[in-house]
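Quick caveat: nothing in here was measured; it's all calculated off a predicted structure. All values below were derived from every heavy atom in this structure, side-chain atoms included, with hydrogens, water molecules and symmetry-related copies excluded. Just so it is clear: chains get the letters A, B, ... in the order the sequence lines come, proteins before strands, and each one is counted from 1.
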Amino acid sequence: MKKRLSTLTLDQWDGRYRQLKRNGLKEPSWGGSLRRHLRDNDQRLRRLRFDPSPAALHLWNFLLTEEDRLRQARADGRMIVGVMKDLGTVPVMAYALSNVVAFYPDGAWWIPCLMEQQEDCLALADSLGVTETFCPVRAMLGAFLNEAHFPSPDLLICSAGATCDDFSAIVQRLEGLGRIVHWWEIPYRRPPVKGEKRVLLPGGAAAPASLVAAVRAELQRIRRLLAERSGQSLDDAVLSAGIRRANRVRHLLGELRRQVFGAPQTPLPALEMLIAEMLAIHFCSDFAGTERVLKGLLREVKCRVREGKGFQETDAARIFWVNPVADLRVMNLAEAAGGRICGTDYMFTHALDTIPVELPPMEALARMALSDPMAGLSKDRAARIARDVQVYGAEAVVISRIPGASHCASEGRMIGGILQGTLDLPVIEIEAPSISDSLAPHLRTRLEALVETVKQRRLLQEPQRRKT
Amino acid sequence: MKTVLQVGPMIPAEWIEAHGFRARAAVPAAAPDAQMGQCAWAHAVAVLAEKGGGGDNLVVAASCDQMRRAMANPSVAGKEGVFLMSLPATWQTPASRRLYEGELRRLGRFLVSRGGLMPTPERLRQAMRRCASRRRRVAGGRTCPPGKIPLALVGGPWLENQRAILERIQFHGGWVALDGMENGERSCPAPFDEKGMRQNPFRELARAYFDVVPDVFRRPNDRLFDWLGENCEKRGVRGVLVIRQVWCDLWHAETPRIRDCAGAPLLDLDLAAEGLTPGGRTDARLQAFLETLR
């Protein structure tokens, strides 16, 4: 008999926390009740449903205390690097240095959601003419101006080229306001042509060797910059050690994904999995903390799988999710509609793949950077999604459009078309703003319709399966 | 002589002519069925590419995400006679210059595959001189007619049907003193250096375009504002029209900075795909703007 777990509301977590404390819960330095984050105005927590385990509590606390860690790093005299857009490459280099902390100001795109727009980030962006036709990442511009969400970085590094227009335009505005931005080029990953030397990238796509060399040269420049500004050596040995450390996190996440997406019942809710995956890109400003949190989650998940515990019925529709959601609540909604997430592409699959250790470190990093799903053809991204759909046995795909994002205008339909053509799967596109409450009935209806379709298809396919 | 239609900045007409083709800027009209959030220009170019460039070869330089993605559509990508050139956004490093030169060479191979000639240095020099002389003829002798208001147009590409705005500018008493649109004078290369041309015309061509052409997508893009400030003053510009596609983030984000640097009143016109109707909302805004400048 399968045991059904239940998620908790914030109010329910208060009682759960007291109970855990009475039972001797050991907490890391960032520990505490979830409710305390309301003091920081993280009002969205009131509307989310959470995993009830201590491991998930540590995950949430770890995520929501990043700002404290950054401020502590500043107080300790460590250099703070604001890395932008590349989602996973430059932090590997930065965290190879002992006196550097790197974070993504891009993460500010969740501020309007977490604070339910009770802050002025979007209003500040509006005042600069960066209005709602841009993706919610425009909140970052406001966060830089009000300095209320992260300390001003000592160094700003941003990738440009094959990136989304919104982000590139917003960072350029930031530079226009007097910030010094160190740009580096991530070229468009075109397919190699006949006779051209090609390189196979982590994740399975191929690129012309000349493009890999160009990225290597660009990253070399960033390497020199980091070494010079930190006053530390960033030679091959140091970099290789940094890559091995990053791979430890990637292996943990890989195992977590395999366990969660492959289990008969969902052993960890979609929301917590989304947050856990996000840790891969910059370790939430604390490498050791990231490892600790992920190990805790993996232990919990393995235990649940062993004991046959999960959050949904075993017949939940297995959904592959494409793109991160601007409103975290949508992940709860997907499960409430009868779906479970079995596979994801949150736009940073290159931060989940193992970085090749058999190559010289700069070559390995260049290949990893160029395997960014957003830097290449949509059909490459769709091919990887199709592969992962099959690996995790997903039965449907949700493409979550990010409002205003340049890549979402046409990419969703393209990927959807390719997947329908190759896998014969139901695919829907949804779009959710930072606060999607008013759209929740509509979103839920669409997700429920998808779940019903999946279940109907199972019934239709069952006689065929029996025959074969 | 076959024609090559070109879309986007920094595609040297000289390079196309040196391969034995005639270069012409493509100006498609709005195409139906653009998706919500999609740039009408990128969509129209993709539709043109889908039709194989309307019989001509089509070279598209992708300087933004919208264009890259429109051209990545499976119905367009790899289409015969269509070439997608990738423009680096950064420009201050040897690596990005090498990328640009690499793309020019790849364009050259495409042109040869389409029946073009392998260009000799001398043929490239001749094409460079010819194009430079053509540009000088077009640029010469522009004086604002009496009673007209000198304006600067600034923005990216625009559709054929959106260009009706030029007639309306005239109608309302304006005169284009500075063309900062794509394919306008802003997109012209620097004058070629004779010595550089003698030594290595390909390098000189790449320098004149890549090191010099100011554009909004370049990182950093300060040169655009330097160019604009300098030329607005030189031409006695009294008003600036920013003309952009509704979903173009790159021009949209920079409009406030253009306002700051132009030193003249600014009207921000985000054009719908269908363009402008005489007496319609956009036309009325234009009329009011020019009235205030009288």
Q: By the ring pair (Phe, Tyr, Trp, His ring centres under 6.0 Å) test, which pairs, at least two apart or in different chains, include something from residues 91-113 of chain B?
A: B:F83-B:F110, B:Y100-B:F210
Q: Tell me every residue that passes ring pair (Phe, Tyr, Trp, His ring centres under 6.0 Å) with B:F289, counting only those two or more places apart in sequence or in another chain.
A: none
Q: If a pair satisfies side-chain hydrogen bond (donor to acceptor under 3.5 Å, both in side chains) and one of its residues is in residues 369-380 of chain A, list it, with sequence neighbours excluded.
A: A:R189-A:D380
Q: Using a cut-off of under 4.5 Å on heavy-atom pairs, state which of B:M36, B:R69, B:H43, B:Q92 scores highest against chain A.
A: B:R69
Q: Can you tell me which of B:G37, B:A70, B:C64 forms the most heavy-atom pairs within a distance under 4.5 Å of chain A?
A: B:C64
Q: For B:P220 and A:E175, work out which heavy atoms get closest and say how close.
A: CB-OE1, 3.1 Å
Q: Give, as side chain, backbone, both or neither, the part of A:R221 having an atom under 4.5 angstrom from any heavy atom of chain B.
A: side chain
Q: Keeping the roles fixed (side chain from A:E185, backbone from B:A89), state whether a donor-acceptor pair exists under 3.5 Å.
A: yes
Q: Tell me the residues of residues 163-173 of chain A whose non-hydrogen atoms fall below 4.5 Å from those of chain B, in number order.
A: A:T163, A:C164, A:D165, A:D166, A:S168, A:A169, A:Q172, A:R173
Q: Please classify the contact between B:T90 and chain A as side chain, backbone, both or neither, with a heavy-atom cut-off of under 4.5 Å.
A: both
Q: Tell me, for B:L250 versus chain A, whether the close heavy atoms (under 4.5 Å) come from the side chain, the backbone, both or neither.
A: both
Q: Using non-hydrogen atoms and a 4.5 Å limit, figure out which bit of A:S406 sits close to chain B: side chain, backbone, both or neither.
A: both
Q: Hey, does B:P74 have a side-chain heavy atom less than 4.5 Å from the side chain of A:I418?
A: yes
Q: Pick one of side chain, backbone, both or neither for A:R190, based on which atoms fall under 4.5 Å of a heavy atom in chain B.
A: side chain
Q: Which answer fits A:A405, side chain, backbone, both or neither, if we ask what part of it has an atom under 4.5 Å from a heavy atom of chain B?
A: neither
Q: Of the non-hydrogen atoms in A:Y188 and B:A72, which two are nearest, and what is the gap between them?
A: OH-CB, 4.2 Å
Q: Heavy atoms, side chains only, cut-off 4.5 Å: are A:T133 and B:H252 in contact?
A: yes
